[in-house]
Novice: 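Questions regarding the structure given below will be posed in turn.
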Amino acid sequence: MFDQFGRNIRYLRVSVTDRCNLRCRYCMPEEGVEWVDHSAILSYEQIVRLVRLAAGLGVEKVRLTGGEPLVRKGLAGLVREIKAIEGIRTVNLTTNGVLLADQLPDLLEAGLDGVNLSLDTLDREQFAALTRRDELPRTLEGLEAALAAPGLTVKVNCVPSGGNDPQLVPLASLARDRDLSVRFIELMPIGLGDTLTRRTEEEVLARLEEAFGPAVSCPTDPLSGPSRNVTFPGFRGQVGFISAVSHQFCQSCNRVRLTATGFLKTCLQYDHGVDLKALLDAGADDATLQAAMADAINHKPASHHFGGQRQAADEGRNMNQIGG
Ligand code: SAM
Ligand code: SF4
């Protein structure tokens, strides 16, 4: 459906849990967080129902995220059920990759279309420092498993955060040597995102051009998201930049988010949206739920204001509770 600013909303990011097996510095505090009680988390049955209603409003692309989605049992079953919903064309997963090698066969069998694997460094010690867990080997096993899966789209997501500057070129090299895209996601001032150093698209690109030569722009498909893509001579894949702060893309934003606790969130920066879990718990019927979704989508904010003054309605959650 179209929102009040004429944006066609067809992409839903669904967070299935706030829990995670890593503690990335820009996402979760070292001591962890108080996990939300299971009773406050949407059941898979409720998620499927809400996605079906969202599909009725024009959503056609779903991404499962978290927390770490693979720590929730039975995720492949959810993929299978969402894939079966009329109108849903793709189901993708964003994961830290630690549990991916084990679960990928079931996910593929369920119809998973693609995996975005978050990886900020290829250096084991630095990985352990950035994520506070020594899990690089299993993450790389997950990446290899994804690359070996026929037909699966694989993207590596890296958040440049100052400490991993020397790793940006080795990470981009993955797109030279392997069949994947590497995307650099600008650090956003959400939750703990303010505590590290943001590197802009221009800064990262300058490092890459020094290593690989002049970047060549690739045509962007507005349907596939806000990434601005380039390639370099001899590369198999592309390098993308998702720069919400330095190159705001709100005008073409086509997404909304469903948190693990059932809040339909219409912009990353604000707490605007609707508490669908409360409606579900009150026994709302499909028509009521869908009308509430449509109303929230219609009132999706025009844009974020990253970099500006804090506002009363700003998001107070950490990224693990939102899903990135
Ligand atoms: N655990 C999964 C993972 O790490 O891929 C899925 C959830 S995670 C919240 C989704 C994405 O958000 C990851 O790629 C992560 O790097 C990114 N992220 C987390 N906090 C961020 C921040 N403050 N700014 C930009 N990206 C962030
Ligand atoms: Fe976990 Fe992903 Fe957040 Fe890292 S970015 S702590 S892997 S939810």
Side-chain angles (χ1 to χ4, degrees), residues 13-33 35-36 62-72 75 92-100 103 114-121 126-136 138-139 142-143 146 154-164 167-168 171 181-201 204 225-227 240-249 255 257-260 265 268-269 304 306-307 314-324:
R13 294 176 69 98
V14 179
S15 173
V16 298
T17 180
D18 60 331
R19 298 179 188 220
C20 189
N21 44 3
L22 299 184
R23 293 286 179 280
C24 301
R25 289 178 181 274
Y26 46 69
C27 184
M28 282 174 81
E30 180 163 20
E31 64 280 12
V33 290
W35 303 127
V36 175
V62 171
R63 175 171 299 282
L64 301 178
T65 176
E68 172 48 41
L70 296 178
V71 302
R72 184 157 174 187
L75 194 76
N92 291 292
L93 177 71
T94 294
T95 173
N96 61 34
V98 175
L99 300 173
L100 186 60
Q103 297 188 29
V115 168
N116 286 6
L117 190 141
S118 303
L119 181 61
D120 293 341
T121 176
Q126 188 174 57
F127 184 99
L130 282 174
T131 68
R132 302 189 181 101
R133 299 288 185 271
D134 181 20
E135 290 283 17
L136 181 64
R138 284 210 291 170
T139 297
L143 179 59
V154 182
K155 295 177 184 168
V156 165
N157 286 348
C158 164
V159 179
S161 60
N164 60 350
Q167 285 289 310
L168 304 182
L171 281 164
S181 300
V182 175
R183 286 116 48 88
F184 292 100
I185 301 180
E186 212 169 68
L187 188 66
M188 290 179 280
I190 298 235
L192 298 164
D194 260 342
T195 59
L196 298 176
T197 309
R198 179 174 315 117
R199 294 285 183 233
T200 63
E201 180 170 330
V204 177
S227 178
F241 296 92
I242 300 178
S243 312
V245 184
S246 67
H247 296 79
Q248 201 194 76
F249 42 78
R255 64 189 63 186
R257 296 172 165 83
L258 183 62
T259 70
K265 192 172 155 47
L268 201 48
Q269 182 158 29
H304 66 65
F306 289 147
D314 280 359
E315 181 57 83
R317 301 174 176 99
N318 281 334
M319 206 59 122
N320 70 299
Q321 297 168 296
I322 304 171

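Worth knowing before you read on, the calculation uses all heavy atoms, side chains too, and leaves out hydrogens, waters and symmetry mates. Just so you know, ligand 1 is whichever comes first in the structure, and atom 1 is the first atom listed for that ligand.
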Novice: Is the distance from atom 1 (Fe) of ligand 2 to some N, O or S atom of Cys27 under 2.8 Å?
Specialist: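 No - counting backbone and side chain alike, Cys27 has no N, O or S atom under 2.8 Å.
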Novice: Checking Asn21 against Glu68: is there a side-chain donor and acceptor pair closer than 3.5 Å?
Specialist: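 Result is no, nothing qualifies.
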Novice: Gly66 near ligand 2, heavy-atom distance under 4.0 Å?
Specialist: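 Flag not set, Gly66 not near ligand 2.
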Novice: For a 4.5 angstrom cut-off between non-hydrogen side-chain atoms, does Leu130 reach Ser161?
Specialist: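 Answer yes - side chains close enough.
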Novice: Counting from 1, what ligand 1 atoms have a heavy atom of Glu186 closer than 4.0 Å?
Specialist: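 Atoms satisfying the 4.0 Å criterion: 25 (C).
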Novice: What I'd like to find out is whether the side chain of Leu93 reaches to under 4.5 Å of the side chain of Leu100, using heavy atoms alone.
Specialist: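 Yes, close enough: below the 4.5 Å cut-off.
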Novice: Any side-chain heavy atom of Arg257 sitting closer than 4.5 Å to one from Leu268?
Specialist: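 Yes; the side chains approach each other to less than 4.5 Å.
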Novice: Got a donor-acceptor contact below 3.5 angstrom from the Asp134 side chain to the Ala128 backbone?
Specialist: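 Flag not set: sc Asp134 to bb Ala128 has no pair under 3.5 Å.
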Novice: Please report the interatomic distance OG1(Thr121) to CG(Leu168), rounded to the nearest 0.5 Å.
Specialist: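 Rounded to the nearest 0.5 Å, the OG1-CG separation comes to 9.0 Å.
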Novice: Say whether Glu68, considering both its backbone and side-chain N or O atoms, lies within less than 3.5 Å of an N or O atom on ligand 1.
Specialist: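 Yes - when backbone and side-chain N and O of Glu68 are compared with those of ligand 1, one distance drops under 3.5 Å.
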Novice: What are the atoms of ligand 1, with element, lying closer than 4.0 Å to any heavy atom of Val159?
Specialist: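 Those atoms are 16 (O), 26 (N).
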Novice: Is the side chain of Arg132 donor-acceptor paired with the backbone N or O of Arg23 at a distance under 3.5 Å, no angle test?
Specialist: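 Yes; at least one donor-acceptor contact below 3.5 Å.
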Novice: Return a yes/no value for Arg13: is any of its N or O atoms, backbone included, closer than 3.5 angstrom to an N or O of ligand 1?
Specialist: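 Looking only at distances, the answer is no, because the N/O contact criterion of under 3.5 Å is not met.
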Novice: Among Gly66, Gly67, Cys20, whose heavy atom sits nearest atom 1 (N) of ligand 1?
Specialist: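 Among Gly66, Gly67, Cys20, the closest heavy atom to atom 1 (N) of ligand 1 belongs to Gly67.
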Novice: Any idea which atoms of ligand 2 are less than 4.0 Å away from a heavy-atom of Met28?
Specialist: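 What qualifies from ligand 2 is 6 (S).
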Novice: Which ligand 2 atoms does Cys20 reach within 4.0 Å, using its non-hydrogen atoms?
Specialist: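 In order of number, 1 (Fe), 6 (S), 7 (S), 8 (S).
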Novice: Just to be sure I read this right, does ligand 2 sit under 4.0 Å from the backbone of Cys24, its side chain, both, or neither, counting only heavy atoms?
Specialist: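 Both backbone and side chain of Cys24 come within 4.0 Å of ligand 2.
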Novice: Give a yes or no on whether the backbone of Gly67 and the side-chain of Arg72 come within a donor-acceptor separation of less than 3.5 Å.
Specialist: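 Not confirmed, Arg72 side chain does not pair with Gly67 backbone.
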Novice: Which of the numbered atoms in ligand 1 are under 4.0 angstrom from any heavy atom belonging to Asn96?
Specialist: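 Listed by number with element, the hits are 2 (C), 3 (C), 5 (O).
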Novice: Is a side-chain donor or acceptor of Arg198 paired with a backbone partner of Leu187 at a separation under 3.5 angstrom?
Specialist: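 Pair found, side chain donor or acceptor close to backbone of Leu187.
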Novice: Can you tell which of Met28, Arg25, Met188, Lys155 gets a heavy atom nearest to atom 25 (C) of ligand 1?
Specialist: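 Going through Met28, Arg25, Met188, Lys155 one by one, Met188 has the nearest heavy atom to atom 25 (C) of ligand 1.
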Novice: Taking only heavy atoms of Thr65 into account, list the atoms of ligand 1 that are under 4.0 Å away from them.
Specialist: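 Those atoms are 6 (C), 7 (C).
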Novice: Quick one: does any side-chain atom of Gln103 pair with a main-chain N or O of Leu70 as donor and acceptor, under 3.5 Å?
Specialist: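 A pair under 3.5 Å: yes.
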Novice: Give the numbers and elements of all ligand 2 atoms closer than 4.0 Å to a heavy atom of Gly67.
Specialist: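 Once the distances to Gly67 are compared, the set is 8 (S).
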Novice: Under 4.0 Å, heavy-atom basis, I'd like to know which part of Thr94 is in contact with ligand 1: side chain, backbone, both or neither.
Specialist: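 Both parts.
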Novice: What part of Asp120 sits under 4.0 Å from ligand 1 if we count only heavy atoms: the side chain, the backbone, both or neither?
Specialist: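 The answer is neither; Asp120 stays 4.0 Å or more away.
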